[in-house]
Amino acid sequence: MYKSFIRPILFLFDPEKIHNFTFWFLKKAHKIAWISDYIRKKFQIQHPDLQREVFGIKFPNPVGLAAGLDKNAELYKELSCFGFGFIEIGTITPKPQEGNPKKRLFRLKDDKGIINRMGFNNKGVAEAVRQLRFNTNVIIGGNIGKNKLTPNEKATDDYLICFEALYDYVDYFVVNVSSPNTPNLRTLQEKEPLKNLLETLQKNNQQKPKPKPILLKIAPDLTDEQLLDIIEIVNQTKIAGVIATNTTIAREKLISPEQTETGGLSGKPLTHRSTQVIRFLSEKSQKSFPIIGVGGIHNAKDALEKLDAGATLIQLYTGFIYEGPKLIRKINKAILKRR
């Protein structure tokens, strides 16, 4: 029903406007008592063989929602009803910011992709904390970044502000230095700035009564040499793992007219490259840290390939938009068939 009826209607409208409408509609719908129960019954699968314990967290299943959809932690409870094992919010910055000028979100329907140049639009860390105060059972990842006007030499301060504010409200952290939509942000992926940033966060983390897992989200556009640097940095700083990958600035073999738009490309065109990165990191590191695989997962086969390449958990974003909520159930069923 979603792909044959609901999606064609949604895709008639501006992507950002329909995103906001869908959030409003889901929030209203879930206020009807039986709606949440119905959605859980239709989409969720609960089975011991789906459970995963990764970096000290027990996940009910390995399929999560990637950052970018629920930027302000407004809909994590409702989205979890569709069967996600965990929800990643953000990217969150210390101060609220509007992001880049609109129009900034584009569907590449012929390629099953999305280009975005949102620019970390969010309501700030204080609002995210307000939304998360009453969470009781949803596993939450906090994806954190720096404000656009914060110079790179002071970026660590922004990450620390978000870390301290969200510490009591999220289960793990994700350091986002790989978005292509904040000027100069990706230069923080260079070896020395990245090592310094992660060491500072880890120092603060280790002073907590119960340190939280910190992961690094990387771009798919890194060279093999840069990926080897990532492995070295992860092992040196002893962060919990890596999320591979963020959106790409590459534009290879696209046919949609929107391909000329600037921003980060996600979806099906990213499937192969993100799996390549996962496999490279897993093999070269000798599986020394967990990897969350994300990028171009549009069916169960894509998901299983990520897991076979070395991912411990996976995340959906564009595939969820194109394929609908049944995708989560299909992936979990395919995983169970392998047991």
Side-chain angles (χ1 to χ4, degrees), residues 43-47 49-55 57-70 76 79-80 82-90 112-114 138-143 171-174 176 178 213 215-220 240-248 266-283 285 287 289-339:
F43 295 109
Q44 286 188 358
I45 298 178
Q46 294 181 345
H47 195 285
D49 288 344
L50 288 174
Q51 295 173 9
R52 302 287 187 273
E53 184 165 349
V54 189
F55 34 80
I57 300 173
K58 294 182 179 179
F59 295 85
N61 71 68
V63 185
L65 178 66
L69 197 71
D70 191 9
Y76 61 90
L79 289 166
S80 70
F82 290 106
F84 286 112
F86 57 106
I87 305 286
E88 193 170 305
I89 63 157
K112 292 189 176 180
I114 290 173
V138 181
I139 296 174
I140 299 290
N143 188 301
D171 297 283
Y172 68 88
F173 284 93
V174 179
N176 188 353
S178 52
L215 291 87
L216 172 68
K217 189 165 189 176
I218 64 171
V242 169
I243 297 185
T245 62
N246 211 323
T247 58
T248 181
S266 63
K268 201 63 181 170
L270 191 53
T271 304
H272 179 64
R273 177 55 185 164
S274 61
T275 304
Q276 275 187 323
V277 173
I278 292 165
R279 182 173 289 110
F280 185 94
L281 291 174
S282 179
E283 291 178 354
S285 71
K287 300 184 178 180
F289 51 81
I291 300 168
I292 299 181
V294 56
I297 301 174
H298 283 241
N299 52 51
K301 179 176 175 289
D302 295 335
L304 295 177
E305 286 177 352
K306 293 280 192 290
L307 295 171
D308 290 342
T312 310
L313 305 169
I314 57 172
Q315 291 178 326
L316 309 179
Y317 180 84
T318 305
F320 180 59
I321 293 169
Y322 272 87
E323 306 301 323
K326 279 189 177 180
L327 177 59
I328 308 155
R329 185 179 178 88
K330 288 178 180 178
I331 292 170
N332 280 323
K333 287 178 73 173
I335 292 170
L336 284 175
K337 284 182 179 179
R338 286 183 149 196
R339 73 186 191 278

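In this text the structure is predicted, and so the values were computed from the model without any measurement. Positions are given from 1 along the sequence.
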Subject >> Criterion side-chain hydrogen bond (donor to acceptor under 3.5 Å, both in side chains) on Thr275 and Lys306, from CA distance to verdict >> reply: CA-CA 6 Å; Thr275 304; Lys306 293 280 192 290; 2.8 Å; yes
**OP:** Assess whether side chain to side chain contact (heavy atoms under 4.5 Å, CB included) is satisfied between Phe86 and Tyr172, documenting all intermediate values.
**Re:** CA-CA 11 Å; Phe86 57 106; Tyr172 68 88; 3.4 Å; yes
**OP:** Please test Ile243 against Glu88 for side chain to side chain contact (heavy atoms under 4.5 Å, CB included), starting from the C-alpha separation and ending with a verdict.
**Re:** CA-CA 11 Å; Ile243 297 185; Glu88 193 170 305; 3.4 Å; yes
Original post:
Given the rule in the side-chain hydrogen bond (donor to acceptor under 3.5 Å, both in side chains) test, do Thr245 and Ser274 qualify, once you have shown the distances and angles that lead to the verdict?
Top reply: CA-CA 6 Å; Thr245 62; Ser274 61; 4.8 Å; no
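Once rounded to the nearest 0.5 Å, the distance linking CG of Leu270 with OH of Tyr317 reads 13.5 Å. A distance of 12.5 Å separates CZ of Phe55 from CZ of Phe289, quoted to the nearest 0.5 Å. Gln44 CD to Gln46 CD: the interatomic distance, rounded to the nearest 0.5 Å, is 5.5 Å. How far CD1 of Ile314 is from CD of Glu305: 11.5 Å, rounded to the nearest 0.5 Å.
For the pairing with Ile335, the side-chain contact (heavy atoms from CB on, under 4.5 Å) check across Lys330, His47, Arg52 returns one residue only, Arg52. For the side-chain contact (heavy atoms from CB on, under 4.5 Å) criterion with Ile45, the lone passing option out of Leu336, Asn61, Ile328 is Leu336.
Sorted by first and then second residue, the salt bridge (Lys or Arg N to Asp or Glu O under 4.0 Å) pairs involving residues 267-279 (not counting sequence neighbours) are Lys268-Asp302.
Comment: Arg338 does not engage Asp49 in a salt bridge, judged by the lack of any side-chain N to carboxylate O separation of less than 4.0 angstrom.
Within the 4.5 Å cutoff, no side-chain heavy atoms of Leu216 are placed close to those of Ser178. Counting heavy atoms from C-beta outward, Leu50 and Pro60 have side chains that stay 4.5 Å or more apart. Within the 4.5 Å cutoff, no side-chain heavy atoms of Phe173 are placed close to those of Pro213.
When all heavy atoms of Leu327 and Ala300 are compared, the pair lying nearest together is CD1-N, 4.5 Å.
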